[in-house]
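Okay, structure first, notes after.
It should be emphasised that the depicted structure is a prediction, and the values quoted were computed from it without experimental measurement. Lettering of chains follows the sequences in order, A, B, ..., and the numbering in each one begins at 1. In what follows, every heavy atom counts, from backbone to side chain, and hydrogens, waters and symmetry copies are set aside.
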Amino acid sequence: MSLPATASPTYPPGQHPDLPPPPGSAGVVGWLRANLFSSVFNTALTFVSVWLIYEFVTAAIDWFVLEAVWEAGSRVDCRKQGDGACWAVIATRVDQFVYGFYPADQRWRPVLTFVLLFPALAPVLFDRTPYRSQLLWFSLAYPALGAWLIHGGLGLPVVDTDAYGGFLLTMILGVTGIVASLPLGILLALGRQSQLLVVRVLCVTFIEVVRGVPLITLLFIASTMLNYFLPPGTNFDLLIRVLIMVTLFAAAYLAEAVRGGLQAISRGQYEAADSLGLSYWKKTWLITLPQALKIAIPGMVNVFIGLYKDSTLVVIIGLLDPLGVARAVLADAKWNGLSNETYLFIALFFFMSCFAMSRYSLWLEGRLSVGDR
Amino acid sequence: MATIEEDTERIRSAADSSRVMVEIQAMHKWFGTFHVLKDINLRVTAGERIVICGPSGSGKSTLIRCINRLEVHQQGSIVVDGIELTRDVKNIEQIRSEVGMVFQHFNLFPHLTVLENCTLGPMWVRKLPKDEAEDIALRYLERVQIPEQADKYPGQLSGGQQQRVAIARSLCMQPKIMLFDEPTSALDPEMIKEVLDTMLELAETGMTMLVVTHEMGFARRAADRVIFMDGGEIIEKNAPEPFFNNPQNDRTKLFLSQILSH
């Protein structure tokens, strides 16, 4: 659509001022015109879409909220009260969804651990956190503190790991896996790029073998086969074995994401660092790794989200993660058949966690892109 | 804290022409099976400014990159300020800390500010405290005339400014030798002059410089010797006046006629 040429005043060379754009080509009106109403077909499409969205959203609100039942003794009871979702199934079992079989009188411990996670994470995730350097010491101590609070000992009654379940278990697997796999993945990526043949071969072999088998296989190894390899009489906790496997699995994937970042850095960066006389570790720590990790953020967050969701696979070797709880709940004759509500609830929990990670990674990318061309 | 004048004095007093800074003897290098440098012999004394020119692929960049071991030579010897370049990593790091290098594509660290680019070497290699490193950095940024850009990131500067920061970054290590690998080749014509002016000013302080460049004006004004390379060999070396006015070798004559004919 071209506008008719209007008689515009002439200016002497070099004196032409910046003029405002033609009306309707910028701002809200311009955006609407360009994106929603640019042709008859697009206008029709816009109206059809708005109608579809309206229908879907109102139906969803009805089912999720307006006609939903929040309190009931059983599924049959639910159905008598309304046609929407029967959230009563979640409400009656919410403790199990959150804690598994963690003893009721000790539940303040995982709650406290969860609350403390935020001050521990804040200085790591946000460089403008007030009192950051002091808080970082707390972050450093947090893993030991959290393990003590949840497991007990030293004055607290011990809670065995087979009592952990539900979202508590997911958080333990996810947070430990992410925190432990990051340094390991970085070291593997550096090892894969190493000039030392032995280091390189070891790292490549590890990465390829671990990436080459499904996580379930590793979990089965952890739950059964590992006993054959270990000296007789040693018996270390199934949860620890699973944590190790999940960490190794994520580390192999992370290593490849980080390697992508390392390879994206131009050779000139390595040469400039070399020419200043920086040693390998200083060069890596100060120059190449910060740039590589920034490039690798989307890939790394991808791995973390994958790890977090894959933690549900532990249900197969008998750990009681939210899906395990869901199974148990649905097997109950009273609540039989409410799988929609149960799984949607679990999906909502996972979505919130993963969406938070995803948003954080976007924010961090923006934060780190200061000064980019 | 030394002023620029004192610093200039330090370099000038070191510019003792009896002191050999770089001694290359019968040096050969191959890239795979390609013989890229053939029987290179070169002695550079303190304070000497050497311009290396030649057609692309003649090995001139490779030659100066051998001096701080960004490239590894396979035969012959290279001695830099009394230390022979061998595989010994400590030796290499020590030589690199005494030899500054300026690259064609600047290679500033994009995730660090201009100031951090300049303090990195002094802090992590020279182990200077931060405030002292910053003093040095600001002094050299002033010298290349961009102290006001200290808190910007490299990506926010023009090409010419970036290259001057790169020069300052090298100078902050207070090197004994400066290597320049085609420092103006990636710049817009408008920005070449500001970088050449900085280099000329540096040359006047008596810094030992090896410069790979096609800027023959710079060679005429600043060089003590001009070296012409072709096919991996040093074809001709001479003072700028006789080199440009009376080249001896036919290959040199052809090269000069091609680049000076405009």
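We find the OG-CG distance between B:S97 and A:L278 to be 10.0 Å, quoted to the nearest 0.5 Å. How far CG of B:N68 is from CG of A:D274: 8.5 Å, rounded to the nearest 0.5 Å. Note that the CZ atom of B:F103 and the CD atom of A:Q269 stand 9.5 Å from one another [nearest 0.5 Å]. In this structure, B:H111 NE2 and A:L286 CG are separated by 7.0 Å, a value rounded to the nearest 0.5 Å. In this structure, CG on B:L112 lies 7.5 Å from CD on A:Q291, to the nearest 0.5 angstrom.
Neither the backbone nor the side chain of B:E116 comes within contact range of chain A, judged by heavy atoms closer than 4.5 Å. Interface remark: B:I92 contributes no atoms to any contact with chain A (heavy atom separation under 4.5 Å).
In plain terms, the two heavy atoms of B:R169 and A:A272 that are nearest each other are NH2-CB, 3.5 Å. B:V125 and A:L276 get closest at one heavy-atom pair: CG2-O, 3.6 Å. When all heavy atoms of B:E93 and A:S279 are compared, the pair lying nearest together is OE2-CA, 3.3 Å.
Residue-environment remark: CD (B:E190) stays at or below the threshold of 12 foreign heavy atoms within 6.0 Å. Remark: A:Q195 CD is loosely packed, at most 12 non-hydrogen atoms of other residues, nucleotides or ligands lying under 6.0 Å away. Within 6.0 Å of CZ in A:R132 there are more than 12 heavy atoms belonging to other residues, nucleotides or ligands. For A:K309, the NZ atom is loosely surrounded, since the number of other residues' heavy atoms within 6.0 Å does not exceed 12. Annotation: B:F31, atom CZ; neighbour count of heavy atoms from other residues, nucleotides and ligands within 6.0 Å is above 12. Taking a 6.0 Å sphere around CH2 of A:W363, one finds it holds more than 12 heavy atoms contributed by other residues, nucleotides or ligands.
For the pair A:E271 and B:R65, the minimum side-chain heavy-atom distance is below 4.5 Å. The side-chain heavy atoms of B:F109 and A:P290, taken from C-beta on, include no pair separated by under 4.5 Å.
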